[in-house]
Asks: 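Just dropping this structure here.
No hydrogens, no waters, no symmetry mates; every other heavy atom, side chains included, goes into these values. This one's a predicted model, so the numbers in the text were calculated from it and none came from an experiment. Naming: A, B, ... by sequence-line order, numbering from 1 per chain.
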Amino acid sequence: MAAPVDVHAEVLANTRLSADYNVLVLAAPAIAGTARAGQFVMIRTADGTDPLLRRPFSVFEVLRRADATPYAISILCKRVGVGTSRLFEAAAGDRLDCLGPLGKPFTTVGPPSEAWMVAGGVGLAPFATLADELRSAGTRIRLFYGGRSHTDLFYLEWFESRGVALELATEDGSRGSHGRVTVPLERALSAQPASAGLTLYACGPEPMLKAVADLARRYGRPSQLSTERIMGCGMGGCYSCVVRVRDDEGRAHFVRSCLNGPVFNGDDVVWE
Amino acid sequence: MKADLSVRIGSLVLKNPIIPASGCFGYGLEYAEVVDLASLGAIAVKGLFLTEREGHPPPRIVETPSGMLNAIGLQGIGVHRFVREKMPELRRLGAVVIVNICGSAISEYVELARILSDVEGVAALELNISCPNIKEGGIQFGCDLASTAAVVSAVRKVTRLPVIPKLTPNVTSVSSFAKAAEEAGADAVSLVNTFLAMAIDVETRRPRLSNVMGGLSGPAIRPIAVRMVYDCARAVRIPVIGMGGITSARDALEFMIAGATAVQVGTACFVDPFIWTKLLAGIEDYLERHGIERVADVVGTLQTDRA
């Protein structure tokens, strides 16, 4: 894995997707050139000391020039607190300190195996890069994507234009299946022949990750989960972002998601 | 001519006064890709018990204005794994390693000191008698003068390594603890560990840390830490290693002028893992601007009109 760099990155675009979601494009060739799907960056939201700590974001998309040279990354951002509100307000031309790429990426599968991505809300965050990596391997991709309402679902055309089959679900029934995204996921899993190779990739709220891990186990499929934790440093220094996992001998213990993750094998995670 | 950045902590000569603080730099190797560990004065590695510890459940940190609270609970791999798995690489990289040791009984500190005294590359022992996040050890020794003296003198008897108790600010008079440590044979003292503090989510009326309380660090504590370092440096003859909210060379120099021989930097390296070269360059620049040849000459040079 490439060593992380700290880039004073220019904001190339800030696109508001809805009242609380935006996509920031950051000029960061040194990060874009090495980042893999599932890795993340730590972004400083203020020049001073309040807020003090950086915020972690998955690399959403790696943007390339016409000659395929990577020049920027984008991040999908949900406005939650002070730090993310600053990012929501960022304007093109602003500069943000962006440290990365960090963490262990997804392991991609190639054909004939299929890749099924499962996203809940802002959990879509690592899946544009993953879709690009899978697509370049020629892997068939389905995206199961859930939100509270149709206004929580973004980038549908982007994924469709790349040949990703979409299965949508909303809790209010305003788009796709009515209810949680794991409902159409289970339906599809039960319809899939056991002999067909298939890997599940999931990112979203913890109950959704647990449900996906359970379904994967029940249907005998491998799963890779991108976990979200409060992170202080992203480098392994602070020990704040721990996830409980089982080791080879079956013992459960805390590991740092910034170093051992953020992507974990679904069978290894021990749910609290 | 380049200024002389070396400083002396007991028998230990550091090439410069900048030390990543224990608990904020893992075992050092986590940062080896972004900083040359040999370029630092020393590194203070994460606190070690004799055995592995799991630490507290998350959430383990929460941000506060210009600071953060942590209640990690000293998760760690234990001294034996550290010696086996981490020290060979730290030696190879040329790091000057200060090992922070923790125990729930004096006998554990003594055992840790015995084990580490024979390990090549261990340069000093920092006694963690000040972690506010664990019930059974650490701070119980740091909040009682007799216990502080007892743990320091017990460790002093079994090692030739410099012994540096790390003091808590959660007492009425830190300088009396520095004095007790000095009289018990400490080679230096380091301060301050974090301030016991808490934060509450008013919507849920629940504490924001799983452990309810945690330790406050970051720029928010710096003026209090500077005062405590100043008090201690005037109270003892042994070197004081100062820390608490340092984010720049200017902050580091503030501690040194107050009387710190060296400084540790913790929370700031979470924000900027590349901070070390900036700190060293800033100190060199300061020395050049003021025509000072040795950084040691800055130590304890506060000018006041009061005695």
Asks: Side chain, backbone, both or neither: which part of A:V5 has a heavy atom under 4.5 Å from chain B?
Replies: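 When you check distances to chain B, only backbone atoms of A:V5 fall under 4.5 Å.
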Asks: With a 4.5 Å heavy-atom cut-off, do A:I230 and B:P58 have their side chains touching?
Replies: no
Asks: Keeping the roles fixed (side chain from B:R60, backbone from A:Y239), state whether a donor-acceptor pair exists under 3.5 Å.
Replies: yes
Asks: Atom CE of B:M68 and atom CG of A:L52: how far apart are they, to the nearest 0.5 Å?
Replies: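 These two atoms lie 8.0 Å from each other.
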Asks: Check whether A:M42 gets within reach of chain B through its side chain, its backbone, both or neither, counting any heavy atom under 4.5 Å.
Replies: neither
Asks: Between A:F254 and B:Q75, what is the shortest heavy-atom contact and its length?
Replies: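 Of all heavy-atom pairs spanning A:F254 and B:Q75, the closest is O-NE2, 3.0 Å.
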Asks: Tell me, for B:V271 versus chain A, whether the close heavy atoms (under 4.5 Å) come from the side chain, the backbone, both or neither.
Replies: both
Asks: Within the supplied structure, the quantity of interest is the number of heavy atoms (other residues, nucleotides, ligands) at a distance under 6.0 Å from A:E228 CD; does it exceed 12?
Replies: no
Asks: Answer yes or no: does atom CZ of A:R148 have more than 12 heavy-atom neighbours from other residues, nucleotides or ligands under 6.0 Å?
Replies: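 No - once you tally the heavy atoms of other residues, nucleotides and ligands closer than 6.0 Å, there are 12 at most.
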Asks: Out of A:A46, A:C241, A:G234, A:A3, return the one with the most heavy atom pairs under 4.5 angstrom to chain B.
Replies: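 Of A:A46, A:C241, A:G234, A:A3, A:A3 has the most heavy-atom pairs under 4.5 Å with chain B.
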Asks: Any chance you could measure A:H253, atom NE2, to B:E52, atom CD, to the nearest 0.5 Å?
Replies: 8.5 Å
Asks: So which part of B:P20 gets closer than 4.5 Å to some heavy atom of chain A, the side chain, the backbone, both or neither?
Replies: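 Neither part.
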Asks: What part of B:P273 is in contact with chain A, defined as an atom under 4.5 angstrom from a non-hydrogen atom: side chain, backbone, both or neither?
Replies: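 Side chain of B:P273 only, per the 4.5 Å heavy-atom cut-off to chain A.
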Asks: If you measure from CG on B:L209 to OG on A:S240, what distance do you get to the nearest 0.5 Å?
Replies: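 B:L209 atom CG to A:S240 atom OG measures 10.5 Å (nearest 0.5 Å).
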Asks: Identify the two heavy atoms, one from B:Y31 and one from A:G237, that lie closest to each other, and give their separation to 0.1 Å.
Replies: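 Distance-wise, the nearest heavy atoms are OH-CA, 3.5 Å.
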Asks: In this structure, are over 12 heavy atoms from other groups packed under 6.0 Å from B:D201 atom CG?
Replies: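 Enclosed.
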Asks: Walk me through it: do A:L53 and B:I61 pass the test side-chain contact (heavy atoms from CB on, under 4.5 Å)?
Replies: CA-CA 11 Å; A:L53 300 173; B:I61 61 167; 4.1 Å; yes
Asks: Would you say that B:N70 contacts A:C238 through its side chain, given a criterion of any heavy-atom pair below 4.5 Å between the two side chains?
Replies: no
Asks: Is the count of non-hydrogen atoms from other residues, nucleotides or ligands lying under 6.0 Å from B:R250 atom CZ greater than 12?
Replies: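 Incorrect, the count does not exceed 12.
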Asks: Pick one of side chain, backbone, both or neither for B:E63, based on which atoms fall under 4.5 Å of a heavy atom in chain A.
Replies: side chain
Asks: Determine whether more than 12 heavy atoms belonging to other residues, nucleotides or ligands lie under 6.0 Å from atom CZ of B:R206.
Replies: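 No, not enclosed.
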Asks: Just wondering, more than 12 heavy atoms not from A:R95 lying within 6.0 Å of its CZ?
Replies: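 It does: A:R95 CZ has more than 12 such atoms within range.
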Asks: Heavy-atom distances under 4.5 Å only: say whether B:F25 touches chain A with side chain, backbone, both or neither.
Replies: backbone
